[in-house]
Amino acid sequence: MAKMIFGGVEENVVTREEYPLAKALETLKDETIAVIGYGVQGPGQSLNLRDNGFNVIVGQRKNSKSWDKAVEDGWVPGETLFEIEEACQKATIIEYLLSDAGQISVWPQIKPYLTPGKALYFSHGFGITYKERTGIVPPADVDVILVAPKGSGTSLRRMFLQGRGLNSSYAIFQDATGKAWDRVIALGIGVGSGYLFETTFKREVYSDLTGERGTLMGAIQGIFAAQYEVLRQNGHTPSEAFNETVEELSQSLMPLIAENGMDWMYANCSTTAQRGALDWWKKFRDATMPVFEELYSEVACGNEAQRSIDTNSQPDYRQKLEAELKEMRETEMWQAGAVVRKLRPENN
């Protein structure tokens, strides 16, 4: 395990060079990994594990769209695809990759199969960190570990097929066997991580909930909407407003930031753009800092978790979700975006 310095802070990081795939396969050669749930993370993680040579099976409810998708992806009923309870019974490592609400609902069916020496694996710290609210309390004689890829399951799979890796955090909540560290690192390598950085279940969920509501999804949509609206109010066309708000950022600038950092991107833009960005970024920081402080406080006290549990557990959650997404999809900004995407050279 390497010690890396990030911003003056020393962190534990594990790379693929340090813990190669061959070592991960040797570590887990006698293990059966059951991936429970085939929604967001399940497909990417299970397919990457399978392609990397691990002994992996999938647990999913029959007669569901996810079961059918698993079959389409090559999982064979009765051989590598089972009902959830049967998969858990066969497994030595249970990857619990249902949604947070799904984990709460299915937990009573999972818990009896957590026999001594097994490992319970998460890709999100929600269920364990908020255990008083979720009721997810594992037995003391199993390992409880986490690998959280820093992106969607779709991105994890896509980057794997490109020969790349998606960075992940890892954590150990409970080491009952003395093997938890090797298990979690081997699994992290197996699912396609670029490198693994150490965290805790609590830090993972606090940062994840903040990020999702903040710059990753919530804040970025809010900023997009505000800038687009100001441009439209001042006479700019939908195409111009969308290109200046979303398209240039996502297609041109973000790849440069990802490759070389924000300062490099600034240095390779026009001097007018440089000056304006340098003059204005701190104003945006200062304006949004109180919102982020409020957001983190709501995450830390559990209010955000409770809102998610209450909302996502409702029987009509999917219908309400679709209505909210439809509202966003039908805004002028994203209608303009649909047209702009079709005009990209690769689509013509």
Side-chain angles (χ1 to χ4, degrees), residues 24-25 27-61 66-67 69-70 73 75 80-107 109-115 117-128 134 136 138-139 142-154 156-157 160 166 168-174 176-177 179-193 196 201 204-205 208:
L25 287 165
T27 297
L28 301 181
K29 65 180 180 180
D30 298 322
E31 305 265 25
T32 298
I33 306 162
V35 174
I36 307 303
Y38 210 74
V40 177
Q41 282 289 335
Q45 293 201 30
S46 61
L47 291 169
N48 290 358
L49 285 165
R50 184 180 71 183
D51 290 353
N52 271 332
F54 294 86
N55 182 23
V56 58
I57 60 177
V58 171
Q60 181 60 42
R61 288 281 175 239
S66 295
W67 176 279
K69 183 178 188 310
D73 287 345
W75 302 100
T80 55
L81 176 61
F82 303 92
E83 287 269 14
I84 289 174
E85 293 86 346
E86 187 174 359
C88 289
Q89 186 176 32
K90 293 177 178 294
T92 58
I93 298 172
I94 297 173
E95 287 203 8
Y96 204 29
L97 300 184
L98 296 167
S99 68
D100 295 325
Q103 288 183 13
I104 296 169
S105 175
V106 175
W107 178 247
Q109 299 162 250
I110 297 290
K111 192 172 181 179
Y113 299 101
L114 290 171
T115 50
K118 288 192 176 186
L120 178 62
Y121 166 113
F122 294 86
S123 283
H124 190 26
F126 191 99
I128 294 294
T134 65
I136 297 176
V142 301
D143 293 341
V144 182
I145 55 181
L146 173 147
V147 173
K150 296 299 105 181
S152 70
T154 300
L156 182 73
R157 180 62 176 167
F160 176 86
L166 183 64
S168 303
S169 58
Y170 76 91
I172 298 170
F173 180 76
Q174 195 166 276
T177 67
K179 302 185 297 181
W181 190 86
D182 273 306
R183 275 173 149 176
V184 74
I185 298 303
L187 287 162
I189 297 300
V191 302
S193 301
L196 294 145
F201 274 64
E204 190 283 329
V205 74
D208 191 67

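Note that the structure is predicted; figures quoted are calculated from it, not measured. Numbers here are sequence positions counted from 1.
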A.B. asks: So do Gln103 and Thr134 actually touch side chain to side chain, heavy atoms under 4.5 Å?
C.D. replies: no

A.B. asks: Under a 4.5 Å cut-off applied to non-hydrogen side-chain atoms, are Val191 and Leu49 in contact?
C.D. replies: yes

A.B. asks: For the backbone of Trp67 and the side chain of Gln60, can you confirm whether one donor and one acceptor N or O come within less than 3.5 Å of each other?
C.D. replies: no

A.B. asks: Tell me if a side-chain donor or acceptor on Ser123 pairs with a main-chain N or O of Val147 at a distance below 3.5 Å.
C.D. replies: yes

A.B. asks: Test side chain to side chain contact (heavy atoms under 4.5 Å, CB included) on Ile128 and Ile136; report intermediate values, then the result.
C.D. replies: CA-CA 6 Å; Ile128 294 294; Ile136 297 176; 4.2 Å; yes

A.B. asks: About how many Å separate OG of Ser46 and CG of Asp73, when rounded to the nearest 0.5 Å?
C.D. replies: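 That separation rounds to 7.5 Å.
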
A.B. asks: What's the shortest heavy-atom distance between Ala34 and Ala87, and which atoms?
C.D. replies: CB-O, 3.6 Å

A.B. asks: Under the side chain to side chain contact (heavy atoms under 4.5 Å, CB included) criterion, do Phe122 and Val144 qualify, and how do the steps go?
C.D. replies: CA-CA 8 Å; Phe122 294 86; Val144 182; 3.9 Å; yes

A.B. asks: What distance do Lys179 atom NZ and Thr27 atom OG1 have between them, rounded to the nearest 0.5 Å?
C.D. replies: 10.0 Å

A.B. asks: Which residues pass the salt bridge (Lys or Arg N to Asp or Glu O under 4.0 Å) test with Arg157, sequence neighbours left out?
C.D. replies: Asp51

A.B. asks: Decide yes or no for Phe54 and Asn48: does some side-chain heavy atom of the first lie under 4.5 Å from some side-chain heavy atom of the second?
C.D. replies: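 Phe54 does not reach Asn48 side chain to side chain.
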
A.B. asks: With sequence neighbours left out, write down each residue that passes salt bridge (Lys or Arg N to Asp or Glu O under 4.0 Å) with Lys150, or none if nothing qualifies.
C.D. replies: Glu204

A.B. asks: Are the side chain of Asp143 and the backbone of Ala119 linked by a donor-acceptor contact shorter than 3.5 Å?
C.D. replies: no

A.B. asks: Which pair of non-hydrogen atoms, one from Gln41 and one from Ser152, has the smallest distance, and what is that distance?
C.D. replies: NE2-C, 3.7 Å

A.B. asks: Rounded at 0.5 Å granularity, tell me how far CD in Glu31 sits from CZ in Arg183.
C.D. replies: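 Answer rounded to 0.5 Å: 4.0 Å.
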
A.B. asks: Do the side chain of Gln174 and the main chain of Val142 share a donor and acceptor less than 3.5 angstrom apart?
C.D. replies: yes

A.B. asks: With under 30° as parallel and over 60° as perpendicular, where do the rings of Trp75 and Tyr38 fit, or are they tilted in between?
C.D. replies: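 Answer is perpendicular, since the angle exceeds 60°.
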
A.B. asks: Can you tell me how far the CG atom of Leu166 sits from the OG1 atom of Thr154, to the nearest 0.5 Å?
C.D. replies: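 Leu166 atom CG to Thr154 atom OG1 measures 11.0 Å (nearest 0.5 Å).
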
A.B. asks: How long is the straight-line distance from OG1 of Thr177 back to NZ of Lys118, given to the nearest 0.5 Å?
C.D. replies: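 Atom-to-atom, Lys118:NZ and Thr177:OG1 are 13.5 Å apart.
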
A.B. asks: Atom OH of Tyr96 and atom CD1 of Ile84: how far apart are they, to the nearest 0.5 Å?
C.D. replies: 7.5 Å

A.B. asks: Short question: side chain of Glu95, backbone of Ile33 - any donor-acceptor pair under 3.5 Å?
C.D. replies: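 No: the side chain of Glu95 does not pair with the backbone of Ile33.
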
A.B. asks: With sequence neighbours left out, what residues match Phe160 under ring-ring contact (aromatic ring centres under 6.0 Å, His included)?
C.D. replies: none

A.B. asks: I'd like to know if the side chain of Ser168 reaches the main chain of Leu196, judged simply by a donor and an acceptor atom lying under 3.5 Å from each other, with no hydrogens or angles considered.
C.D. replies: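 Between the backbone of Leu196 and the side chain of Ser168 there is no qualifying donor-acceptor contact (under 3.5 Å).
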
A.B. asks: Closest approach of Gly190 and Asn52, non-hydrogen atoms and distance?
C.D. replies: O-ND2, 2.9 Å

A.B. asks: Please examine the side chains of Ile93 and Leu28, heavy atoms only from C-beta on, and report whether any two atoms are closer than 4.5 Å.
C.D. replies: yes

A.B. asks: Please lay out, stage by stage, how Leu146 and Phe173 fare under the test side chain to side chain contact (heavy atoms under 4.5 Å, CB included).
C.D. replies: CA-CA 8 Å; Leu146 173 147; Phe173 180 76; over 6 Å; no

A.B. asks: Contact between Pro139 and Leu120 at the side-chain level, heavy atoms closer than 4.5 Å - yes or no?
C.D. replies: no

A.B. asks: Only one of Gln89, Arg61, Gln109 passes side-chain hydrogen bond (donor to acceptor under 3.5 Å, both in side chains) with Glu83; say which it is.
C.D. replies: Arg61

A.B. asks: Salt bridge check, Glu85 against Lys90: does any charged N sit closer than 4.0 Å to a carboxylate O?
C.D. replies: no

